[in-house]
Amino acid sequence: MATMASSRQLHRLRRLSTAAAAPAPTAATTSAEAAAPSISISRAKSKLRSEFDPDKALHIYSSVSKHYSSPVSSRYAQDLTIRRLAKSRRFADIEALVESHKKEAQITQEPYLCTLIRSYGIAGMFDHAMRTFEQMDRLGTPRTVLSLNAVLSACNASKLFDRVPELFGALPGKYGVSPDRVSYGILVKSYCEAGSPEKAIEVLKEMEEKGIEVTAVTITTILDSLYKNGRAGEAEELWDETVKAGCVLDAPAYNVRIMHAQSLGPEDVKKLIQEMSDAGFKPDTISYNYLMTSYLKAGMMDEAIGVYKELEGNGCKPNAASFRTLIHYLCKNGDYEKGYKIFKESVKVHKIPDFLTLRSLVEGLVQKKRTKEAKGLIRTIRKKFPPNFLNAWKKVEENLGLALAANDNDASLNLEEDEEATG
DNA sequence: ATAGGGTTAG
């Protein structure tokens with residue numbers, strides 16, 4: 001299974017090499033919709049999380065979408081379905097699905113229509129998003145800044161960062177809608193994503209002149225971009241100016257600073273977490289993950305495990321990244337037994353790490369002759385993962401079978417037997 | 001009811 005970071009990179013590359021809206025040669029059909037039984041949104045969410053087959057994802061989503069209640073409650077399910085379909089380049093199916101929603105009675109409600117614009121954005125189908133925005137008069141949907149923001153956002157989501165400033169200039173006049181602080185936030189994001197945080201800072205000046213509030217969200221976008229472009233000095237400057245201007249920075253803003261401090265060392269991270277607390281913002285899982293990671297990078301494994309163990313006491317829960325990072329570094333350090341313990345905890349809360357981490361864990365366990373643990377891990381993986389993951393996993397198992405035959409005479413990993421034993 | 005921060009290592 002691809003990691004988040006690399007799949008995002010792949011997505012970017014893919015977008016550059018293909019016309020996003022070009023339909024895949026698969027048949028456009030939403031026939032699943034007719035047959036889908038009704039299920040609750042929360043049930044759909046949990047099913048969608050583990051469903052990697054886009055057809056099945058579509059089926060699950062369709063079964064819930066007709067019970068549409070509000071944009072918020074179905075957003076997660078909708079986004080996930082679109083992402084699955086887009087990843088498989090099923091653009092014709094996405095179009096069929098989204099267009100079918102334009103026939104719903106709620107289409108005259110702007111928030112509902114915005115979810116459709118959003119879906120096209122997530123799929124990288126910006127021209128469809130734009131067309132939906134333009135169709136609003138015909139569909140009888142009143143147009144406010146909400147849909148303006150939706151279409152600008154879809155432009156960013158489609159990675160067309162250069163087009164956002166252009167649309168920001170043209171659309172308000174053309175459609176008689178004034179941009180608000182969110183619109184400006186989207187504009188700022190586009191400059192940052194295009195690698196020009198200095199242009200984003202100029203936007204801040206324009207906002208001040210026009211009396212539009214600059215929020216912590218907008219500042220955080222720019223801080224992140226400055227740090228990522230190696231401009232830490234300018235980031236600190238912006239932070240100080242923002243505080244001086246009386247804008248309240250919050251937990252996500254602190255986390256951007258902590259992200260940067262992480263590369264400086266655990267002491268710097270600890271100091272910032274303290275500063276964050278003192279300022280009245282509760283450090284969250286993301287903050288502590290940075291602390292844990294900085295310990296791991298410094299080879300301070302016990303301290304890192306300490307951070308992990310204290311998460312709960314600090315009112316936080318480990319997330320998928322906590323497990324993955326911790327197990328990854330424990331393996332790198334040869335602490336496979338400790339890694340296995342953490343792995344078992346990740347299974348309990350349904351946050352199993354990615355393929356590569358699991359591979360290095362099981363290989364390490366076998367190498368250390370912890371056959372029982374290795375078998376336990378393999379049993380769990382077979383139960384928990386979808387078939388396309390298991391195809392790659394099978395190769396890992398096969399290689400281990402060879403390694404075992406060569407090094408270990410009595411403990412062979414007879415996987416067929418194991419499979420039967422667990423039923 | 002729209003805009004922000006995350007995870008390995010190569």
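Since the structure is predicted, the reported quantities are computational estimates derived from the model, not experimental observations. Throughout, protein chains are lettered first and strands after them, A, B, ... in sequence-line order, and every chain is numbered starting at 1. Computed over heavy atoms, backbone and side chain alike; hydrogens, waters and symmetry mates excluded.
- When the salt bridge (Lys or Arg N to Asp or Glu O under 4.0 Å) test is applied to A:D278, no partner is found at least two apart in sequence or on another chain.
- We find that CD1 of A:I286 is positioned 9 Å from P of B:dT7, with the value rounded to whole Å.
- Nucleic acid contact class of A:T325 (heavy atoms, under 4.0 Å, all strands): sugar-phosphate only.
- In this structure, A:H328 does not reach the B:dT7 phosphate: none of its side-chain N or O atoms is under 4.0 Å from OP1 or OP2.
- For A:E110 (side chain) and A:S147 (main-chain N/O), a donor-acceptor pair under 3.5 Å exists by modelled atom type.
- When the P atom of B:dA1 is taken as reference, atom CD of A:Q109 falls 9 Å away, rounded to whole Å.
- The distance between atom NE2 of A:H260 and atom C1' of B:dG4, rounded to the nearest whole Å, is 18 Å.
- The residue A:R118 sits close only to the backbone: its heavy atoms come under 4.0 Å of sugar-phosphate atoms, none of a base.
- In this structure, the CZ atom of A:F323 is 13 Å from the C1' atom of B:dT7, given to the nearest Å.
- Rounded to an integer number of Å, the gap from A:I327 CD1 to B:dT7 P is 17 Å.
- Across B:dT2, B:dG4, B:dA9, the shortest atom-to-atom separation from the side chain of A:K189 is found for B:dG4.
- Under the ring-ring contact (aromatic ring centres under 6.0 Å, His included) criterion, A:F168 pairs with A:Y184, sequence neighbours left out.
- Applying the ring-ring contact (aromatic ring centres under 6.0 Å, His included) criterion to A:H328, with sequence neighbours excluded, gives no partner residue.
- Near DNA chain B, meaning a heavy atom under 4.0 Å away, the residues from residues 206-230 of chain A are A:T215, A:A216, A:V217, A:T218, A:T220, A:T221, A:D224, A:K228.
- A search for salt bridge (Lys or Arg N to Asp or Glu O under 4.0 Å) contacts involving A:K210 returns A:E206, not counting sequence neighbours.
- Residues passing the salt bridge (Lys or Arg N to Asp or Glu O under 4.0 Å) test with A:R181, sequence neighbours excluded: A:E213.
- In this view, A:Y329 satisfies the ring-ring contact (aromatic ring centres under 6.0 Å, His included) rule with no residue, not counting sequence neighbours.
- One finds a salt bridge joining A:E397 and A:R382 here, because a Lys/Arg side-chain nitrogen approaches an Asp/Glu carboxylate oxygen to under 4.0 Å.
- For residues 238-246 of chain A, proximity to DNA chain B is found at no residue, defined as any non-hydrogen atom under 4.0 angstrom from a strand atom.
- Side-chain proximity of A:Y329 to the nucleotides B:dT2, B:dG4, B:dA9 is greatest for B:dA9.
- Considering only side-chain atoms of A:D180, the nucleotide from B:dG4, B:dA9, B:dT2 that sits closest is B:dT2.
- Remark: P of B:dT7 and CE of A:M292 are 11 Å apart, rounded to the nearest angstrom.
- A:L326 has its CG atom 12 Å from the P atom of B:dA9, to the nearest Å.
- Residues forming a ring-ring contact (aromatic ring centres under 6.0 Å, His included) with A:Y295 (at least two apart in sequence, or on another chain): none.
- Within a heavy-atom distance below 4.0 Å of DNA chain B, no residue of residues 129-145 of chain A is found.
- Among pairs with a residue in residues 193-250 of chain A, those fulfilling ring-ring contact (aromatic ring centres under 6.0 Å, His included) read A:Y227-A:H260, A:W239-A:Y254, at least two apart in sequence or across chains.
- When the salt bridge (Lys or Arg N to Asp or Glu O under 4.0 Å) test is applied to A:K228, the partners found at least two apart in sequence or on another chain are A:D224.
- Judged by distance alone, the side chain of A:Q78 and the main-chain N or O of A:T115 form a donor-acceptor pair under 3.5 Å.
- Residue contacts for A:I186: at a heavy-atom cut-off of 4.0 Å it reaches the sugar-phosphate backbone alone, with no base atom in range.
- We find that CZ of A:F161 is positioned 14 Å from C1' of B:dA3, with the value rounded to whole Å.
- Among the protein residues, A:N156 comes within range of no part of the nucleic acid, since none of its heavy atoms lies under 4.0 Å from any strand.
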